[in-house]
There are 2 protein chains.
Amino acid sequence: MIETKSRILDTAERLFAERGFSATSLRRIIAEAGVNLAAVHYHFRSKQALLDAVMLRRLEPVNRERLAMLDAAEAAAGGGPLELEAVLAALIAPPLRLRQEPAYATFMKLMGRVLAEGDLGTMRKHFGIVVERFLGAVARALPDLPREELLWRAHFCVGCLAHTLLHKATEMFAATGEVTTESLVAFLAAGFRAAAPVNLRKHA
Amino acid sequence: MIETKSRILDTAERLFAERGFSATSLRRIIAEAGVNLAAVHYHFRSKQALLDAVMLRRLEPVNRERLAMLDAAEAAAGGGPLELEAVLAALIAPPLRLRQEPAYATFMKLMGRVLAEGDLGTMRKHFGIVVERFLGAVARALPDLPREELLWRAHFCVGCLAHTLLHKATEMFAATGEVTTESLVAFLAAGFRAAAPVNLRKHA
DNA sequence: GTCTATAACTTGATAGAC
DNA sequence: GTCTATCAAGTTATAGAC
């Protein structure tokens, strides 16, 4: 069945997202997918390669949409300064929008997990270009922000996004409804625009 | 040896922090600690109980210091409004300060991991009181912020802190040096103070 | 308290029939 | 492509000698 491969991918995606990679066994995956254990190794060779396949299947569209929005923001700015909110929206709106679609909902949680706990190698492999482009764009939107402070704020920004993708706010707090791109962008934009602490200004 | 128990705790703390709970086997722990496998079960009964012991040993001082700083901030405010920066510093300064101490450095990474990927039960068990106290304090510092927006921003805040504790900024970005409490507080305070997006104001 | 030995089970991976 | 059967290794946990 051609369906077998998709069933494995779907089930692995869900279990990896909900329980993490190490805590998920192949036998659990094949039990819930209703397929044979050997089929996993036939289609994907190894557990690690299965995770890579799960990531590859859905990540490319997300990052492509991000870069397209960033291109649009840069085009709109012409030679002038970039608008910070537009840059942040390009980073955040695609994953938040796509997670409304059933096909992408669980993947976005997995993406949050990888962002939150991923090692450096995985990070660079999947998000290298995105990180570079967005660092440049934020620097162009905030030319007066000291470099070190920019890097830390980018780090905080990744933490916010990872946590938001991995967890619904309702899990720990009593928030209702869905988080909006506007909320997250407003929060992060204000953070990026905050006056740099005095102990860092000397490095500017 | 009375040292055996500490050696197990120290090594488990480090490996859980660096590689995660599921990805760390007891055999790896006892190999690096130079102790016998049975000693783990003698002293801690099970792997899960070992993790609980690792958490309990160091978490209480962190949360105690946080609540003491929050008490001080509330006392300083008298009946007036709380200062947002003081509230955030009470949440953030204790873990960032303690991670400079060798005895607490790796534990703070583990705490970041638990904050980032912990399930709801673990969360409430270890941070329930802290979350409640700080939610109330931020609400008192920002009485005009709509409740829903406050909860989401608290959620973002946890994500920032978790990511900062779990990862050095140098891992993904090229930031040098250590992150400061001032940097993180300035970023978060500005985010909390941002104007609430219009699509939420109607719920105020 | 610490050890050896081992139970009882799960893991990722593969060989080979169909 | 899919199956059964199995391997080799690793897993948590325990019993019992010292």
### Message
Does D/dT14 have OP1 or OP2 under 4.0 Å away from a side-chain N or O of B/His41?
### Response
no
### Query
For B/Asn36 and C/dT4, is the shortest distance between a side-chain N/O and OP1 or OP2 below 4.0 Å?
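Affirmative; the distance criterion is met.
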### Lys/Arg N to Asp/Glu carboxylate O, A/Arg193 vs A/Glu85, below 4.0 Å
yes
Using whole Å, what does the distance between atom [atom2] of nucleotide [N] and atom [atom1] of [X] come to?
| X | N | atom1 | atom2 | result |
| --- | --- | --- | --- | --- |
| B/Arg28 | D/dG10 | CZ | P | 13 Å |
| A/Ile30 | D/dG1 | CD1 | C1' | 16 Å |
| B/Ile29 | D/dA13 | CD1 | C1' | 14 Å |
| B/Lys47 | C/dC9 | NZ | C1' | 15 Å |
| B/Phe44 | C/dG1 | CZ | C1' | 13 Å |
| B/Arg45 | D/dA15 | CZ | P | 13 Å |
| B/Tyr42 | D/dG16 | OH | P | 17 Å |
| A/Leu15 | C/dT11 | CG | C1' | 16 Å |

### Query
Between A/Val35 and B/Ser46, which is nearer to the 5' end of DNA chain D once each is assigned its nearest nucleotide?
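Closer to the 5' end of DNA chain D: A/Val35.
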### Message
Once salt bridge (Lys or Arg N to Asp or Glu O under 4.0 Å) is applied, do any residues pair with A/Asp119, and if so which ones, sequence neighbours excluded?
### Response
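By the salt bridge (Lys or Arg N to Asp or Glu O under 4.0 Å) rule, A/Asp119 matches no residue at all.
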### Query
What residues, two or more places apart in sequence or in another chain, satisfy salt bridge (Lys or Arg N to Asp or Glu O under 4.0 Å) together with B/Glu132?
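Salt bridge (Lys or Arg N to Asp or Glu O under 4.0 Å) list for B/Glu132, sorted by chain: empty.
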### Message
Considering every strand and a 4.0 Å limit on heavy-atom distances, what is the contact class for B/Ala39: base, sugar-phosphate, or nothing?
### Response
nothing
### Message
Just to be sure I understand the geometry, which residues of residues 17-27 of chain A put a non-hydrogen atom under 4.0 Å away from DNA chain D?
### Response
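Those residues whose heavy atoms fall under 4.0 Å from DNA chain D, taken from residues 17-27 of chain A in numerical order, are A/Arg27.
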### Query
If you round to the nearest 0.5 Å, how far is CG of A/Leu151 from SG of A/Cys157?
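Between A/Cys157 SG and A/Leu151 CG, I get 12.5 Å after rounding to 0.5 Å.
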### Message
Between A/Phe134 and A/Arg66, is there a side-chain heavy-atom distance shorter than 4.5 Å?
### Response
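In contact.
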### Query
Nearest to the side chain of B/Leu37, which nucleotide is it out of C/dG1, D/dT4, D/dA13?
D/dA13
### Task
Could you work out which one of C/dA13, D/dA15, C/dA15 sits closest to the side chain of A/Ala38?
C/dA15
### Message
For the residue pair B/Arg113 and B/Phe16, would you count it as a cation-pi contact if the rule is NZ or CZ under 6.0 angstrom from the ring centre and within 45 degrees of the ring axis?
### Response
no
### Task
Look at atom CD1 of A/Ile129 and say whether more than 12 heavy atoms of other residues, nucleotides or ligands are closer to it than 6.0 Å.
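For A/Ile129, atom CD1 is not crowded (no more than 12 foreign heavy atoms under 6.0 Å).
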